[in-house]
Structure formats: C-alpha cells, structure tokens
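Remarks on the structure that follows.
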There are 2 protein chains.
Amino acid sequence: MSDRTRPTLATVAARAEVAPSTASLVFSGSERVAPATRDRVLAAAAELGYAGPDPVARSLRSRRSGVVGAVIGERLTYAFSDPVAVQLLDGVTEVLSPLGVGLLLLPGDADRHGPTLAQLAHVPLDAVVYATCGPEDDPALEHLRRREVPIVAVDGPGGDDVVLVGVPDRRGTAELTRHLADLGHRRVAVVALPLRLDGTRGPVTAERRARVHFRDVRERALGVEDVLGPVPLWETATNAVEEGARAGRVLLDVSAADRPTAVVAQSDILAAGVLRAAESLGLRVPEDVSVAGFDGVDLPWLPPVRLTTVVQPTTEKGRVVGRAVTELLAGRRPADAVLDVHLSVGTTTGPAPRA
Amino acid sequence: MSDRTRPTLATVAARAEVAPSTASLVFSGSERVAPATRDRVLAAAAELGYAGPDPVARSLRSRRSGVVGAVIGERLTYAFSDPVAVQLLDGVTEVLSPLGVGLLLLPGDADRHGPTLAQLAHVPLDAVVYATCGPEDDPALEHLRRREVPIVAVDGPGGDDVVLVGVPDRRGTAELTRHLADLGHRRVAVVALPLRLDGTRGPVTAERRARVHFRDVRERALGVEDVLGPVPLWETATNAVEEGARAGRVLLDVSAADRPTAVVAQSDILAAGVLRAAESLGLRVPEDVSVAGFDGVDLPWLPPVRLTTVVQPTTEKGRVVGRAVTELLAGRRPADAVLDVHLSVGTTTGPAPRA
DNA sequence: TTGAAAGCGTTACCAG
DNA sequence: CTGGTAACGCTTTCAA
C-alpha cells in the first residue's frame, strides 16, 4: 500500500490511459464503452483501491444526492414506538432503497415538532417526506420551498406544492361508529391522539379543538360525530399505551352516571390502553363497555382479544409515498393519493349494555 | 417573483457588491465580517430568496456531508420493533442532531443482513454506525474502508479500524445466572437471539453455534455457561414476542421430564414471549418456572409482572456512539468503550421448584 | 467509441 | 476585514 492519497477518477483514468470522461462512463454503467477499455479502467480502479466515484462530487454535477429526508415530528423513541410510523417508513424504504436512495431521519426533540433549520440547512436533500405529521405551519417548510425540495406529506394538510398521501379517516371512523350505533351505543367517548405536540392531556375544549394541528385527528373526530353528533373528546399527550390507559381510567370511572358504553380510540395503541384500563376497573369487554381503535396494526401482546378497528394499509401507504418520491425525482408531479380503509370487527365491540 | 434560476452564493454576492468569498464567510457565521457587510449580504439573500449555501457544494469543498449512516441489518419493521435499537439510535441522534448531522437509514431487506453496495455507493457518508449488528464479514465493509469512512460498531466484533461500543454481556449474564443458581436452579434453558439472520429457529447444534454471527449472542450464552456449564440453546428467528412464545411453548412442554426450572432469554422481548408461553401452558411464574431477560427495556404492556433482567444503559450507549462519531469527524480516534450493566431482580424469578 | 473542456456551487488560501 | 483565485471530484456537453 504505497498510496499517499485516496485515488480519484482522474487517477484511475490516468493509470488506465483514458480520459476522465471515459472512466466516468465506465462507472456510470454506460453501454457506449468498448469492453476492452472498460476492463482496463476497472483493472486500474481495482489496483488503486478506488471505491467508485465520490458521491458528493457526483451529486454536485448531477444535482441528485440520493438522500430523502423523513420528518418524524418527535424524538425517535416516540415516533418509532408507533407501529404505524415504522410500517410507513418501511414501505417507503422498500421502494427507495433499490433505487440507491436512502432515508435521512429528521427528528424533532422534546420541545420541537420538527427538525431545526440548522439540521436541515446542512444536509443534502432530494426530497422530504413528512411521515408522521403534517407540514402545517412548519418553519422548515419555507426553507425547503426555497431550496425547491419536493415534499410528500402523509395525512397532512398539504398545500399546492405538497403531494398528499392519505386515507379517508373520516369515512372510516364514520363506518366504525355506525357499527357501534347499530349495536345500540349512544354514549360514546373518543380518546384522541394529540391535537398538538405540546403535552396537553385531558378533555378537549372547543377552543383547543379549533386549533387542532393534525388533519387526521380532526377527521377521525368528525367521523364519529357524523353518526352520533357531538361527543366528548379526551386528548392524550402521546400515542402510547399508558396514555390510553390514563384516558380510559378517567372516562370509564365506574361511579360516573353517564359513563360511555363505548370508547373510540384514534389509534390501536390507545385502544390497547383503554382495554387495560377497563380490565383494571373490573369492566368486561365488550359486555360492559365496547372499545375500538384505528390503524389495524399487529399488537402481538394483545391477544387473546381481537380489537375492533379501522384497518388502513399502512405499509402500502409507505410504498405509495415512495413511488410519489420517485416520480418527483424524475421531475414529474404525481397526483395526490387516497388509499382505502375497511372496518374489521373483532371481539371488543358488542351490544350496548341496557341502561 | 422574476427569478428565472435559483440564486447561488455568487448571485447574492453580486447583488450585495461583495466577493463570493466574503458572502461565504457571512453564511459560515464568521466573526471577521463587518456588521454592515454582513447585513448587506443577508439583505441581498433575503431579497433573492436564497436558502443558504448548497449543502452538496459545501460538502464537496469541506469534505463533510453531515450524513452518518446507520446500518440496521434488517427491514425497518424488524429493527424498529426492537426497543433497544430504537433507544440506541435515539441516543445517537440526541448527540448528532445538534451538530447538524443526520442519520441515514441503511436497512437490509428480507434476505440481506446489510445494505447493498448500490445503496452505499451513491450516498454521502461521513461515518457509519453499525447499530444492531456487527460488521463481521459484511461486504459493505471493504467499500467503506476504501472510502475511508470511519466506523463505529455496537456490540460488534470490531477490527482494527472500527471503534467499538458495548457492554459486558458475558459478565452481566453470568451475574444473572448466579442469581438463578443461588435460587437453586440447575436445569436452565437459554432462548437465544438469532445467531445469524437466516430465519433459522430451533435447538442450536454445536456446528451452528460455532458459526454464530453476533458477538453479543455468543457472549450472553457463555455467561450462562460460566456458571452452570453447558446448557441447551434454543434459537429464535427474530427478536419478537411471538418468537419467544414459540420457543417457550417447546421448552416448557409440561410433559417433558427434564423441563427447565428457569429460562434465560437473551432479550426482554423474547422473555415476554416466554412469559406468555408459560401462561398459556398453565405454569405459574416464578413458582413453576423462572424467567429472565436482558436489556431492561420498558415494556408498557408487561405489567403487573416485573421482569428479572440485566439492565444495560441503551440510550447512553447511543450517546457514547454519538460522541465517538463526533470524535471521528474531528479527526480523532476515540477509544473503545464498555458501559456497565446491572442485575435487576423482578417478580419473575424465584426458588427452583422441588423436583 | 473516445477526448477536451466547461462547469456544478462552494470554501480555502493567500494577498492586500 | 475583504477580494481574487484555485481547487473539491465529478459529469456533461460537444467534437473528433
């Protein structure tokens, strides 16, 4: 090993006695290179221990870095304890990885909902995916717009230059609620996902509800009310089992006269918490109270119960996002996409108990 | 908006009537710029809608891309259903994010243990973290070496040019095993994490054991044997609750004469599965069988049981990795680090039942 | 099929 | 404190 400095394409070209441009052609896999020349270049590269064209220099010329940002609102720990977020990103990488495009994590921290500008500004980005939160009033958005970085948002509120991928949250929840109504339920409470990421928890006032930050949360609440009219909302601080349990313990307080006969949680994770609360309060499900969720994720520790829920094709949603990114990278403007959901009736909903 | 083309630093400099190098100084936050000049440049930038220096061009010059790769062996869904992996990466980002460095996910897919070269080769990388698997015989390794990308490996086998961060897996497991031995346990079975990522599951033969791919798996097995001598190992296909349950159902088969009185699982996730299996087999824990894990992760759905386990400081491990990366980026060569673990005795281990 | 030359947008270095 | 100039390592015309 006598090399003083890391070899570059020029070094390789010189050693192979071809022009740099020809060597470049070889590494870009072009057909228009004589096999003999190609072999010579490859041999030179091997001898020099050349690792291939520097991605950064390549990016500068080709205006493509192979990096797509993933905005995941919160700390990794929170975002990735949400199976929906993970499945979604899994779908995205499934499509993007084979193209040599990687996902760059852009988490926020305890206080912030998104990445700081300092984080964004220094990092190459061919596109950005808002994976778990809409880009609504995100200061980073303006920066990305300036840089002309295309954006795909999941369940977000969108905007003209943002490609949207979502599901019919409202219709799905309405369908679920109709199922409950058909079973005789009239007093239904909703355990809501965070309306904003500020740690608030408790009953939702009209003012707070007017300032809901996330489209899907709003829509899922409306879906219930489409069927039953106004219902009480209980907001959780994060999408976590323990948060659902806290909510459940309050809502299902056995001493309350107007205890709901059914609880609609806005995620399966929260629903799992409500189930736990019911259990700890000595309530039978579904005899004393029905519980339903949203997402249709696999909670391996939930059985023997099967949760009634609205199933959304989360991984497929991720793939659709991945394809949208692919289109964007190719300079095309894909249409927004709305995937479908369906009701899955499990063992956690049943006839409303007689008053 | 009359701009035909995205503004560059040169455009901004021209408009502010300064040299490009001066404008560059402004954006790099240098002190050696007259406030008046700075304001003029900033004003010009604002007027032109300049988003700041192009990260790619900047990277080319400064030889730093702000991107650190995270190799996570498997599909996102598998890797991120492991709380240990998530906490670890959380710790890493906690240190790296404030530095404007982002984590690029480098998952494998169903068959592969690591990213393909096509994925790696096109992407800028200041460093790489092997987060959930050692770089042992990884073909990507040679590529990274050529590119002179520094590597930090967690619990990995290492190599001269790889910085290692780990915990005393062997000693920790030995301590746990001594606790069991003190309780009178002699017939102990181990539910092992995957020895290699090839979907194998079942009793571990000597040949297979000789080819174990992951250092921590080997060490944790040895820790048990340090105390009790050779014990049967049951390999799982992935680190998942259901896998632990499958293993548990076989190992705890009530009809077997030599049913173990204690099961040591190599992760808390697997231990949770074993607990489930015990329950479904009608065995009481710890009266009929003791169960222990490794990691000390918070499984919010596990209570009321408290798992006996070896607690490792996973998030701190991530921070240490982050700091090691920081050092490496600064051109220094940090020392390997071994963090500490401790035994946490819960309610799942007790005296061995009388034969 | 190959080569020459011109940048891509920035920062580093050295003068002034 | 500011300006000029030369890279950084590659790809992309355009010619030959």
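Quick note on labels: first sequence line is chain A, next is B, and so on, each numbered from 1. Note: hydrogens, waters and symmetry copies are ignored here, and every other heavy atom, side chains too, is used.
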B:H122 NE2 to D:dC10 P, straight-line distance once rounded to whole Å: 14 Å
In terms of ring plane angle, is the pair A:F27 and A:Y50 parallel, tilted or perpendicular, where the classes change at 30° and 60°? perpendicular
Report which part of the nucleic acid B:T37 touches: base, sugar-phosphate, or nothing (heavy-atom distance under 4.0 Å, all strands). sugar-phosphate
Residue from B:R145, B:R146, B:R333 passing salt bridge (charged side-chain N to carboxylate O under 4.0 Å, His left out) with B:D161: B:R145
Among the candidates D:dG3, C:dG3, C:dT2, find the nucleotide nearest to the side-chain atoms of B:V18. D:dG3
Can you name the closest pair of heavy atoms from A:L104 and B:V67 and give their distance? CD1-CG1, 4.1 Å
Can you confirm whether the side chains of B:D90 and B:T315 place a donor and an acceptor under 3.5 Å from each other? no
Output the rounded distance in Å from CD (A:E17) to C1' (C:dA4). 18 Å
Summarise how protein sits on nucleotides 7-16 of chain C as a single string, 5' to 3': B when a protein heavy atom is under 4.0 Å from the base, S for sugar-phosphate-only contact, - for no contact. BBBBBB----
Separation of D:dT2 atom C1' from B:R38 atom CZ, nearest Å, is 15 Å
Around B:E142, counting heavy atoms of other residues, nucleotides and ligands shown, do more than 12 lie under 6.0 Å from its CD? yes
Look only at the side chain of B:D126 and the backbone of B:R64, and say whether a donor-acceptor pair between them is shorter than 3.5 Å. no
